Amino acid sequence: MAGEPQDDCLFCKIVAGQIPATIVRETETTVAFQDINPQAPTHVLVIPRVHYRDVATLSAAEPAVAADLLRETGEVAAQEKLESHRVVFNTGSGAGQTVWHAHAHVLGGRGLQWPPG
């Protein structure tokens, strides 16, 4: 069921504390942790505690949680003292999504060119 933890979801297991992660922030609705395959000096994932397959599904079903997720990207950037940063939501395999749990990437600490790869 949408919103419920999924037994086969890596990020649901991180939220539940079943898989370790280097957590940098937690709120009632979100968890932020360092990416294990960083693409920049700072690469933090911000995820909702509820399970939705992607950010589009999350925002349609629970807009307040989607807003919390977006707000937390700014809080992470401030905490990490990033002068500038990029927030990325990959939606679908063609866009590079590999974990089917909504999440934002907060990237910074180096120049980020446009367009991205």
Side-chain angles (χ1 to χ4, degrees):
M1 173 183 282
E4 297 295 320
Q6 303 295 304
D7 291 336
D8 62 345
C9 176
L10 172 67
F11 290 172
C12 287
K13 290 177 181 178
I14 289 172
V15 168
Q18 298 169 342
I19 292 179
T22 304
I23 295 175
V24 298
R25 281 185 64 83
E26 289 186 83
T27 69
E28 185 177 311
T29 57
T30 65
V31 177
F33 54 93
Q34 292 179 356
D35 193 298
I36 62 169
N37 184 26
Q39 301 300 304
T42 299
H43 188 168
V44 175
L45 300 176
V46 183
I47 66 172
R49 291 184 181 272
V50 293
H51 179 90
Y52 287 92
R53 124 178 225 98
D54 55 45
V55 71
T57 306
L58 170 66
S59 63
E62 297 199 41
V65 175
D68 290 347
L69 178 65
L70 187 57
R71 184 188 67 249
E72 277 304 301
T73 66
E75 294 296 331
V76 165
Q79 178 178 302
E80 297 292 320
K81 298 179 177 25
L82 296 174
E83 290 183 23
S84 60
H85 68 282
R86 180 173 290 160
V87 176
V88 176
F89 292 97
N90 297 325
T91 302
S93 58
Q97 185 176 6
T98 58
V99 178
W100 300 100
H101 183 118
H103 59 285
H105 298 257
V106 179
L107 300 148
R110 68 168 172 82
L112 300 168
Q113 303 306 313
W114 195 261

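Bear in mind the structure is a predicted one, so any value in this text is a computation, not a measurement. Note: hydrogens, waters and symmetry copies are ignored here, and every other heavy atom, side chains too, is used.
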Review point. Run the side chain to side chain contact (heavy atoms under 4.5 Å, CB included) check on Thr29 and Glu62 step by step: do they pass?
Key: CA-CA 11 Å; Thr29 57; Glu62 297 199 41; over 6 Å; no

Check your understanding: Linking I/L/V/M/F/W/Y whenever any side-chain heavy atoms sit under 4.5 Å apart, do Leu112 and Val88 land together?
Key -> yes

Revision key, fill the gap. Of all heavy-atom pairs linking Leu58 and Pro48, the shortest is CD2-CG, 4.0 Å

Point to revise | Distance in Å, Arg25 CZ paired with Gln79 CD, rounded so as to fall on 0.5 Å steps | key: 5.5 Å

Check your understanding: According to a 4.5 Å side-chain heavy-atom criterion applied to Ile, Leu, Val, Met, Phe, Trp and Tyr, with indirect links allowed, do Leu70 and Val50 form part of one hydrophobic cluster?
Key -> yes

Exercise for review: Salt-bridge test for Arg49 and Glu28: reply yes if a basic N is under 4.0 Å from a carboxylate O, no otherwise.
Suggested key: no

Point to revise | Closest contact, heavy atoms only, Glu72 versus Thr30 | key: CG-OG1, 3.3 Å

Point to revise | Nearest non-hydrogen partners of Gln97 and Gly92, listed with the distance | key: OE1-N, 2.9 Å

**Study point:** Path from Val76 to Ile23 over hydrophobic side-chain contacts below 4.5 Å
**Key:** no

Exercise for review: State, with a plain yes or no, whether a side-chain heavy atom of Thr42 is found less than 4.5 Å away from one of His85.
Suggested key: no

Check your understanding: How long is the gap from SG on Cys9 to OH on Tyr52, to the nearest 0.5 Å?
Key -> 13.0 Å

Check your understanding: Can you hop from Leu107 to Phe89 via hydrophobic side chains spaced under 4.5 Å?
Key -> no

Point to revise | Side-chain donor/acceptor of His103 to backbone N/O of His101, under 3.5 Å | key: yes

Revision key, fill the gap. Scanning both residues in full, the closest heavy-atom pair of Val46 with Leu69 reads O-CD1, 3.1 Å

Practice item. Find out if a path of hydrophobic residues (ILVMFWY) with successive side-chain heavy-atom gaps under 4.5 Å connects Ile47 to Leu10. Key: yes

Review point. Does Ile14 reach the side chain of Leu45, with side-chain heavy atoms less than 4.5 Å apart?
Key: no

Practice item. Take Val15 and His51 through the side chain to side chain contact (heavy atoms under 4.5 Å, CB included) test and state the conclusion after the steps. Key: CA-CA 10 Å; Val15 168; His51 179 90; over 6 Å; no

Point to revise | pair Phe33-Pro20: side-chain heavy atoms closer than 4.5 Å | key: no

Review point. Closest heavy-atom contact between Pro38 and His43?
Key: CA-ND1, 3.4 Å

Check your understanding: Which pair of non-hydrogen atoms, one from Pro41 and one from Gly109, has the smallest distance, and what is that distance?
Key -> CG-O, 3.4 Å

Exercise for review: For the residue pair Arg86 and Trp114, establish whether any side-chain heavy-atom pair is separated by less than 4.5 Å.
Suggested key: yes

